[in-house]
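This one's a predicted model, so the numbers in the text were calculated from it and none came from an experiment. Just so you know, these numbers use all the heavy atoms, side chains as well, and skip hydrogens, waters and symmetry mates. Sequence positions, counted from 1, serve as the residue numbers for this chain.
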Amino acid sequence: MEGEKYAKELDVAVRVVHMACSLCQRLQQGIVSAGSDLVKSKEDDSPVTVADWSVQATVSWILSELFGSQNVSIIAEEDVQTLSKSDSASLLETVVNTVNECLAGAPKYGLKSPPKALNTSQVLEAISRCNSVGGPKGRHWVLDPVDGTLGFVRGDQYAVALALVEDGKVVIGVLGCPNYPMKKELLSYHYQYHETMSRLSPPSDDMWERGCVMYAKRGSGEAWMQPPIPGDKKFVWPNSARLVQVSSIDDPKLATCCEPVEKANSDHSFTAGLAHSVGLRNQPLRVYSMVKYAAIARGDAELFMKFARTGYKEKIWDHAAGVVIVEEAGGVVTDAGGRPLDFSKGPYLEGLDRGIVVCSGATLHEKIIDAVYASWDSSNL
């Protein structure tokens with residue numbers, strides 16, 4: 001990878017996402033088994049956890065150290081408002097301890113730890129530094145520290161997503177999916193069931209059983225997947241990376257569609273009507289978060305459609321990393337009018353035509369876009 005454009009950025013991004021996934025796995029086990037004070041509600045009632053803030057602080061600190069804080073612009077989901085309230089003192093202390101524990105383990109991933117533990121103000125500063133508004137010029141890192149927080153707190157699927165946008169284009173995407181096993185059939189079980197079964201059966205040598213980290217660089221025509229790093233091993237590039245490719249299925253009758261688990265921000269009825277009109281017959285794959293992008297890039301599904309409810313605006317951190325991975329794996333991502341998603345307008349996907357359509361290939365995509373136009377007039381959106 002040496003000497004290639006974005007080589008260092010991609011290398012660092014993959015390592016830090018592996019690190020973040022390890023942090024999340026430890027925290028998820030605690031949250032699922034204990035229930036917990038580690039979860040808060042934001043002003044819009046969506047959940048936020050110790051993992052969200054801890055990952056954001058960790059990624060922010062690593063990127064700023066390696067590329068210089070004056071050079072690093074980061075757009076990310078979380079702020080410090082909730083964390084700074086007087087009744088959040090113990091939560092803040094847990095975040096600080098979690099960040100320091102994670103950063104102390106940085107050498108395992110080939111990254112440097114801080115010379116001494118970060119104090120509270122340094123951790124808050126690292127989180128707050130992710131306040132860029134992006135735009136059409138320059139380089140901006142885009143981070144969703146825990147995409148699919150509801151899945152995370154329920155012991156299910158979630159993702160850690162990091163992308164680099166340069167001059168409005170996504171050039172690098174890294175997607176950590178700690179509970180997305182290599183074996184697609186394991187997805188049909190709830191993660192907690194899989195955990196219970198894992199404890200009852202002898203440990204497997206298959207490092208792919210638990211999760212994966214996927215990544216791609218714009219223009220490479222390649223998307224890659226790595227397994228998690230086992231407890232006592234160090235990260236060594238390329239870490240058993242495998243190429244991934246989208247499915248070759250282009251007949252809607254044979255295609256599998258990914259659907260969001262939560263109905264809060266999506267119009268499921270329009271999507272269901274559209275699926276029926278194009279002849280989708282397979283049981284949908286219902287997963288939280290950007291794991292849907294991973295499923296399509298890896299060939300586990302062929303289609304994902306999201307039509308937002310009125311008033312909901314799509315954020316770039318919910319899509320940036322997934323889009324470049326799917327596209328480099330051979331897929332197509334556009335809005336419902338067939339236009340590429342625009343990452344140059346700041347934190348939101350402004351100018352989005354009705355919704356987002358992610359497909360495994362151009363033929364299937366064309367059929368879906370045609371069906372959107374045919375169905376739209378008769379819908380009550």
Side-chain angles (χ1 to χ4, degrees), residues 9-32 38-39 46-63 74-78 95 98-99 101-103 105-106 108-109 111 126-127 130 141-165 170 172-181 191 210-216 223-229 235 239 241 287-295 297-298 315-326:
E9 290 84 352
L10 182 61
D11 179 80
V12 169
V14 169
R15 290 170 193 267
V16 78
V17 168
H18 270 291
M19 211 168 133
C21 288
S22 176
L23 178 161
C24 288
Q25 281 180 312
R26 291 195 304 274
L27 285 174
Q28 188 182 44
Q29 285 163 0
I31 286 172
V32 170
L38 305 180
V39 184
S46 62
V48 59
T49 71
V50 165
D52 294 87
W53 288 303
S54 300
V55 168
Q56 188 158 312
T58 299
V59 173
S60 170
W61 190 86
I62 294 280
L63 292 179
I74 307 173
I75 309 164
E77 181 163 19
E78 307 307 337
V95 169
T98 304
V99 170
E101 187 185 337
C102 185
L103 287 173
K108 170 178 172 169
Y109 302 93
L111 299 166
I127 297 168
C130 305
W141 291 94
V142 178
L143 171 68
D144 194 336
V146 178
D147 183 47
T149 303
L150 267 175
F152 178 76
V153 300
R154 291 172 180 174
D156 212 308
Q157 295 294 335
Y158 64 97
V160 176
L162 180 63
L164 179 62
V165 174
V170 185
I172 286 171
V174 184
L175 205 50
C177 307
N179 294 338
Y180 188 26
Y191 163 72
R210 180 61 180 269
C212 62
V213 171
M214 299 174 75
Y215 56 94
W224 295 86
M225 175 167 66
Q226 295 181 352
I229 317 298
F235 180 97
N239 181 36
V287 281
Y288 292 92
S289 79
M290 258 191 276
V291 172
K292 292 180 275 290
Y293 280 100
R298 220 171 74 169
K315 291 103 174 167
I316 62 172
W317 52 72
D318 287 329
H319 301 280
V323 167
V324 69
I325 291 169
V326 165

Problem set entry | Validation row: F235, L111 side chains within 4.5 angstrom (heavy atoms) | no

For this session: Give a yes or no on whether the backbone of M290 and the side-chain of D318 come within a donor-acceptor separation of less than 3.5 Å.
Result: no

Exercise. Has the side chain of Q157 got a donor or acceptor atom that lies under 3.5 Å from a matching backbone atom of N179?
Worked result: yes

For this session: Go through the steps for I62 and V16 under the test side chain to side chain contact (heavy atoms under 4.5 Å, CB included), then give the verdict.
Result: CA-CA 8 Å; I62 294 280; V16 78; 4.0 Å; yes

Problem set entry | Heavy-atom side-chain contact between W141 and E9 under 4.5 Å | yes

Problem set entry | Beyond-backbone contact of L63 with V12, side-chain heavy atoms, under 4.5 angstrom | yes

For this session: For the pair H18 and Y109, name the ring-plane relationship: parallel under 30°, tilted 30 to 60°, perpendicular over 60°.
Result: parallel

Problem set entry | Aromatic ring pairing Y215/W224, orientation class (parallel under 30°, perpendicular over 60°, tilted between) | parallel

Seminar exercise, completed: Taking every heavy atom of C177 against every heavy atom of V291, the minimum-distance pair comes out as SG-CG2, 4.1 Å

Problem set entry | Axial cation check for Y288 ring with R154, 6.0 Å and 45° limits | no

Problem set entry | Intermediate values then yes/no, side chain to side chain contact (heavy atoms under 4.5 Å, CB included), K315 and E77 | CA-CA 9 Å; K315 291 103 174 167; E77 181 163 19; 5.7 Å; no

Problem set entry | T49 vs L27 side-chain heavy atoms within contact, under 4.5 Å | no

Exercise. Do any N or O atoms from the side chain of Q226 and from the backbone of V213 form a donor-acceptor pair under 3.5 angstrom?
Worked result: no

For this session: Could you tell me whether the side chain of C212 reaches within less than 4.5 Å of the side chain of R298, counting heavy atoms only?
Result: yes

Problem set entry | Heavy-atom side-chain proximity of F152 to I31 below 4.5 angstrom | yes

For this session: Could you pull out the closest heavy-atom pair between G322 and L175, with the gap in Å?
Result: CA-CD2, 4.3 Å

Exercise. Taking only residues two or more places apart in sequence, or in another chain, which ones meet W61 in a side-chain hydrogen bond (donor to acceptor under 3.5 Å, both in side chains)?
Worked result: none

Exercise. With no hydrogens and no angle check, is any side-chain donor or acceptor of Q56 less than 3.5 Å from a backbone partner on E78?
Worked result: yes

